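Have a look at the structure below before the remarks.
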Amino acid sequence: MNDLDAALICKAMGDANRLKIVKMLSDGEKCGCRLLERFSITQPTLSHHMKNLVDCGLVNDRKQGKWHYYSLNPDALAFLRTFLDKLAGKEPTEGKGRCCQ
């Protein structure tokens, strides 16, 4: 993963509904119908949000019969954590401490 991937994840989580969905998935896999119960949105709107989260790699999608089950992608979460740690100065970055040399 790279900076573009981080930007796509951040953009996807920039929507309040998608951020709520990520929080809901933090305690395990959920069926799309269970997610929909928690929002005042239509099923097509939920599908749009889920497509954004799946396309950026933050959420995994598993289809079983006619139902979709969603879970957080642990690899994407680890990448995002590392990326944010670097921004916060908690992890060494390449060339840190050097200036114009």
Side-chain angles (χ1 to χ4, degrees):
M1 298 188 107
N2 56 39
D3 289 350
L4 178 59
D5 296 317
L8 292 173
I9 291 171
C10 289
K11 182 177 179 182
M13 289 185 22
D15 178 271
N17 283 329
R18 289 193 286 267
L19 190 54
K20 288 177 189 175
I21 291 167
V22 169
K23 286 181 183 179
M24 290 174 64
L25 295 176
S26 69
D27 66 353
E29 183 179 70
K30 303 271 186 304
C31 177
C33 61
R34 296 291 171 237
L35 296 171
L36 190 57
E37 290 172 354
R38 302 282 301 271
F39 293 93
S40 298
I41 59 175
T42 64
Q43 190 280 324
T45 300
L46 177 67
S47 291
H48 170 76
H49 288 308
M50 299 315 298
K51 180 176 178 1
N52 276 280
L53 293 168
V54 170
D55 285 352
C56 77
L58 188 58
V59 171
N60 295 319
D61 177 15
R62 176 177 69 83
K63 188 170 182 181
Q64 185 173 333
K66 66 178 184 172
W67 305 109
H68 283 261
Y69 292 85
Y70 300 98
S71 61
L72 293 178
N73 178 348
D75 294 334
L77 289 173
F79 163 76
L80 185 60
R81 172 172 282 166
T82 300
F83 181 82
L84 293 173
D85 283 348
K86 285 180 183 180
L87 289 179
K90 294 181 181 179
E91 186 173 298
T93 57
E94 191 175 313
K96 187 175 183 178
R98 296 176 55 203
C99 180
C100 305
Q101 295 179 12

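Here the structure is a predicted model, which means the values were calculated and not measured.
Two residues are said to be in side-chain contact when any heavy atoms from C-beta on lie closer than 4.5 Å; Val59 and Leu72 meet this criterion.
Note that CG of Leu46 and CD1 of Ile41 are 5.0 Å apart. Values are rounded to the nearest 0.5 Å. A distance of 9.5 Å separates NE2 in His48 from CG in Leu53, rounded to the nearest 0.5 Å. Residue Thr82 holds its OG1 atom at 10.5 Å from CG of Leu77, rounded to the nearest 0.5 Å. Once rounded to the nearest 0.5 Å, the distance linking OG1 of Thr42 with CG of Leu36 reads 8.0 Å.
Closest non-hydrogen pair, Asn73 versus Asn60, comes out as CA-ND2, 3.6 Å. Considering all non-hydrogen atoms of both residues, Tyr69 and Cys31 come closest at CE2-CB, 3.7 Å.
Partners of Phe79 according to the side chain to side chain contact (heavy atoms under 4.5 Å, CB included) rule, which considers only residues two or more places apart in sequence or in another chain, are Met1, Asp5, Ala6, Ile9. The side-chain hydrogen bond (donor to acceptor under 3.5 Å, both in side chains) check on Arg34 picks up Glu37, with sequence neighbours excluded. Applying the side chain to side chain contact (heavy atoms under 4.5 Å, CB included) test to Arg38 and every residue at least two apart in sequence or in another chain returns Met24. In terms of the side-chain hydrogen bond (donor to acceptor under 3.5 Å, both in side chains) criterion, Ser71 has no residue partners (sequence neighbours excluded).
Under the 4.5 Å side-chain heavy-atom criterion for ILVMFWY residues, no single connected hydrophobic cluster contains both Trp67 and Val54. Clustering ILVMFWY residues whenever any of their side-chain heavy atoms sit less than 4.5 angstrom apart, transitively, puts Val22 in the very cluster that holds Leu35.
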Atom pairs and distances, donor-acceptor, side-chain atoms in residues 11-19, under 3.5 Å, two or more places apart:
residue : atom : partner : partner atom : Å
Asp15   : OD1  : Asn17   : N            : 2.9
Asp15   : OD1  : Arg18   : N            : 3.1
Arg18   : NE   : Ala12   : O            : 2.7
Arg18   : NH1  : His49   : ND1          : 3.0

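Residue pairs meeting the salt bridge (charged side-chain N to carboxylate O under 4.0 Å, His left out) criterion with at least one partner in residues 51-60, sequence neighbours excluded, are Lys51-Asp55.
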